[in-house]
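Here the structure comes first, spelled out in structure tokens, and everything after it is commentary.
Naming convention: chains lettered A, B, ... in sequence-line order (proteins, then strands); numbering from 1 in each chain.
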Amino acid sequence: MERILLKDVDIPNLCEIDVYIDSGGYKALEKALKMTPKEVIEEVKRSRLVGRGGAAFPTGLKWEFTRKEKDEPKFLVCNADEGEPGTFKDRVLMKNNPHLLVEAMVIGGYAIGANKGVIYIRGEYFEEIGRLNKAIKEAREKGYIGEGILGSGFSYELQVYRGAGAYVCGEESALFESLEGGRGCARERPPFPAQYGFMGKPTAINNVETLCNVPAIINNGGEWYSRIGSPASPGTKFFCLSGHVNKPGVYELPTGITLRELIEEYGGGVKGEFKASLPGGVSSSLVTDTDVKLDYKSVADAGSMLGSGAVIVINSSTSIVDVAKSCIEFFVRESCGQCVPCREGTRRANEILGRFAGGKGKVEDIDLLLELGEVMYDTARCGLGQAAMNATISAIKMFKDEFMGRVES
Amino acid sequence: MKSEGLRHAWKPKVDGIIRELGKTRNALLPCLEAVQQEAGCIPQEAITYLRETIEVPSVDIYGVITFYGMLTTEKQGKYVIRVCDSLPCYLNGSREIIEALEDELGMNGRDTTPDGMFTLERVACLGLCDKAPAMIINEEIHGDLNAEKVRGIIGMKKKEECGWKGYY
């Protein structure tokens, strides 16, 4: 199976710069610096790479929008605030191959016209923070970061910024607030980051996995990349398999493999009997059809979302009511509290689901939960509140009898 | 006030961060993280020092502290145990792990043990879902847990402590 991002992870000491260079590292940066920024962006556009953080926005377009803005300075920010329950893919990259991200961040900065890059990483990733800082230091010593990189006129600084334990900071505008030293509360959008991002300046913000695809695209060409995996959203995708599976882990596979293939061929099968899966973490809706193809469009057509690729498998001995309760508890804790639909909605939903979990549900509360979910989807300020009820609503629609079974008689 | 601040181990680190990032609000979160790491909490002196040095109102500093899960004004234990309670760990028995921890540490609804040794926090996903159920103790990762394993780990920590402090 062809791997792009994880192709070299088995090389010992890959996080040391000499080993990385020996395995072909920083070649893409050398090549990119001989191209014009516009050509770099064109190559990424040709690859049809879309964002791997969850929103699946075309990366090349995002870079082009930022490049075209007149305001200066510009910033490139890497969103490494991986926090969606079930997601642990960016950790694998940063821990095993930090230079890949550093190289991608320099190329990205060159493409959009930014002289400063920031990697915002979650505070609990202690080891990864250390490895990235070391990688940046090594890259600076070798002249891949700093003034006039590799004899070009391009200068670039890169910095790691630690989060401090707030899931919502993975939402890009909340992340900017956090970078600026504030509470991580989402901003109104528009304006979008390309116009008004970090410090109110044009900013491109990309997920770790997305960025790490860029060196291979520069080396092999966008055309090559666009032929891998599903034509609708090409390339490989990291699937984080967890829950009731025998071999949980991160698997880099072409987009478009089926859920069944992922679980059976890579995950060693279900522990117990398959009941349902959340293909995009606790923010996504349940799917019960294992023939669903794991690419953005197919999962969306099945009524869910692929998101960051956090595939959580649930077996038949698990109560779906308890799953919904566990999901909503996460959102109660992580809601930033600034908008009423999310702050109050998650709490009320948690109370109601708590009653069902305790066998004291009311029949009319089922409709109330559905209505609450609709209101939150329509009115919450950011993606956190909009997605908070996805798991619950799909649980009610697919397993209504389990909720009825928890109604107080 | 400033001379008193010198006694604190966090101060050189904070000054270093401010030198690097400048006297701007952007330095606030890294400074608070450094204080938390050095002192096990954010003491009032640190808030006063930051207010004066980077000129951010105290109310905003409190706002930031209360927003982030890893920052607190309450003194934390020597060992901060963060146990994951999100869905992948829940499906693999995190509730049993939490019960075992509460029992083994004798938490009785407290966050920190009376001897100031252990703080127990239920946290959202730690990105260790392939090792579920999982927890971290300070920066140390522990995965594929069961109740017995948890009791063993806590027992070891207690034993290490009794060597130099005479506890337990």
- Query: So how far is it from B:I141 CD1 to A:E124 CD, rounded to the nearest 0.5 Å?
  - Reply: 11.0 Å

- Item | Under 4.5 Å from a heavy atom of chain B, the part of A:K247 involved | neither

- The reported gap from OG in B:S86 to CD in A:E84 (rounded to nearest 0.5 angstrom) is 9.0 Å

- Would you please test A:F126 and B:N138 for side-chain contact (heavy atoms from CB on, under 4.5 Å) and show each step? CA-CA 10 Å; A:F126 301 104; B:N138 295 343; over 6 Å; no

- Using the test side-chain contact (heavy atoms from CB on, under 4.5 Å), find all partners of A:A310 that sit at least two apart in sequence or belong to another chain. A:T87, A:S308

- Which heavy-atom pair separates B:D85 from A:S326 by the least distance, and what is that distance? O-OG, 4.4 Å

- Query: Taking all atoms of both residues into account, what is the closest heavy-atom pair of A:D322 and B:Y90, and its distance?
  - Reply: CB-OH, 3.2 Å

- Query: In terms of heavy-atom proximity below 4.5 Å to chain B, should A:I312 be classed as side chain, backbone, both, or neither?
  - Reply: side chain

- Item | Which atoms of B:V56 approach chain A - backbone, side chain, both or neither, heavy atom under 4.5 Å | neither

- Counting heavy-atom pairs under 4.5 Å with chain B, the top scorer among A:E329, A:E334, A:R122 is A:R122

- Query: Looking only at heavy atoms, what is the nearest atom pair of B:L87 and A:C327, with distance?
  - Reply: CD2-SG, 4.0 Å

- Task: Answer with side chain, backbone, both or neither: which region of A:R91 has an atom nearer than 4.5 Å to a non-hydrogen atom of chain B?
- Result: side chain

- Please state whether the side chain, the backbone, both or neither of B:L29 comes within less than 4.5 Å of a heavy atom of chain A. both

- Query: Picking from A:G123, A:G249, A:C185, A:G184, which has the most non-hydrogen pairs under 4.5 angstrom with chain B?
  - Reply: A:G184

- Item | Under 4.5 Å from any heavy atom of chain B - which part of A:E127 | neither

- So which part of B:Q37 gets closer than 4.5 Å to some heavy atom of chain A, the side chain, the backbone, both or neither? side chain

- Message: If I measure from the heavy atoms of chain B, does A:E82 come under 4.5 Å with its side chain, its backbone, both, or neither?
- Response: neither

- Query: Is chain B contacted by the side chain of A:C336, its backbone, both, or neither, given a heavy-atom distance below 4.5 Å?
  - Reply: both

- A:F88 and B:G127: which non-hydrogen atoms are nearest, and at how many Å? CB-O, 3.2 Å

- Under 4.5 Å heavy-atom distance to chain B, tell me which part of A:V323 shows up: side chain, backbone, both or neither. both

- Query: Tell me, do B:C129 and A:P85 make a side-chain contact under 4.5 Å, heavy atoms counted?
  - Reply: no

- Item | Option that, when pairs with chain A are counted at under 4.5 Å, heavy atom only, ranks first among B:L126, B:N92, B:V64 | B:L126

- Item | Trace of the side-chain contact (heavy atoms from CB on, under 4.5 Å) decision for A:T318 with B:L91 | CA-CA 8 Å; A:T318 310; B:L91 292 172; 3.8 Å; yes

- Under a 4.5 Å heavy-atom cut-off, does chain B meet the side chain of A:L241, its backbone, both or neither? neither

- Pick from B:T66, B:D130, B:L128, B:I54 with the largest number of heavy-atom pairs that fall under 4.5 Å of chain A: B:D130

- Query: Measuring heavy-atom distances to chain A, does B:I136 have an atom under 4.5 Å in its side chain, in its backbone, in both, or in neither?
  - Reply: side chain

- Ranking A:G83, A:G281, A:G181, A:G182 by heavy-atom pairs under 4.5 Å to chain B gives rank one to A:G181

- Item | Under 4.5 Å from a heavy atom of chain B, the part of A:N315 involved | neither

- Message: With rounding to the nearest 0.5 angstrom, report the CD to CG distance, A:E180 to B:L28.
- Response: 12.5 Å

- Query: B:A124 versus chain A, heavy atoms under 4.5 Å apart: side chain, backbone, both or neither?
  - Reply: both

- Query: Please walk me through it: do B:Y68 and A:S178 pass side-chain contact (heavy atoms from CB on, under 4.5 Å)?
  - Reply: CA-CA 10 Å; B:Y68 294 95; A:S178 180; 2.9 Å; yes

- Task: With a 4.5 Å cut-off on heavy-atom pairs, point out which of A:Q159, A:R183, A:R162 contacts chain B the most.
- Result: A:R183

- Checking heavy atoms, do the side chain of B:L21, its backbone, both or neither come under 4.5 Å from chain A? side chain

- Can you say whether A:F198 sits under 4.5 Å from chain B via the side chain, the backbone, both, or neither, judging by heavy atoms? side chain

- Taking all atoms of both residues into account, what is the closest heavy-atom pair of B:F67 and A:A166, and its distance? CE2-CB, 3.8 Å

- Using a cut-off of 6.0 Å, state whether more than 12 heavy atoms not belonging to B:K157 lie near its atom NZ. yes

- Message: Closer than 3.5 angstrom, by distance alone: can the side chain of A:R333 be matched with the main-chain N or O of B:R122 as a donor-acceptor pair?
- Response: yes

- Using non-hydrogen atoms and a 4.5 Å limit, figure out which bit of A:Y167 sits close to chain B: side chain, backbone, both or neither. neither

- chain A contact via B:E139 - which portion, at a heavy-atom distance below 4.5 Å: both

- Note on the structure: chain A shares the most heavy-atom pairs under 4.5 Å, among B:G69, B:A132, B:C89, B:C84, with B:G69

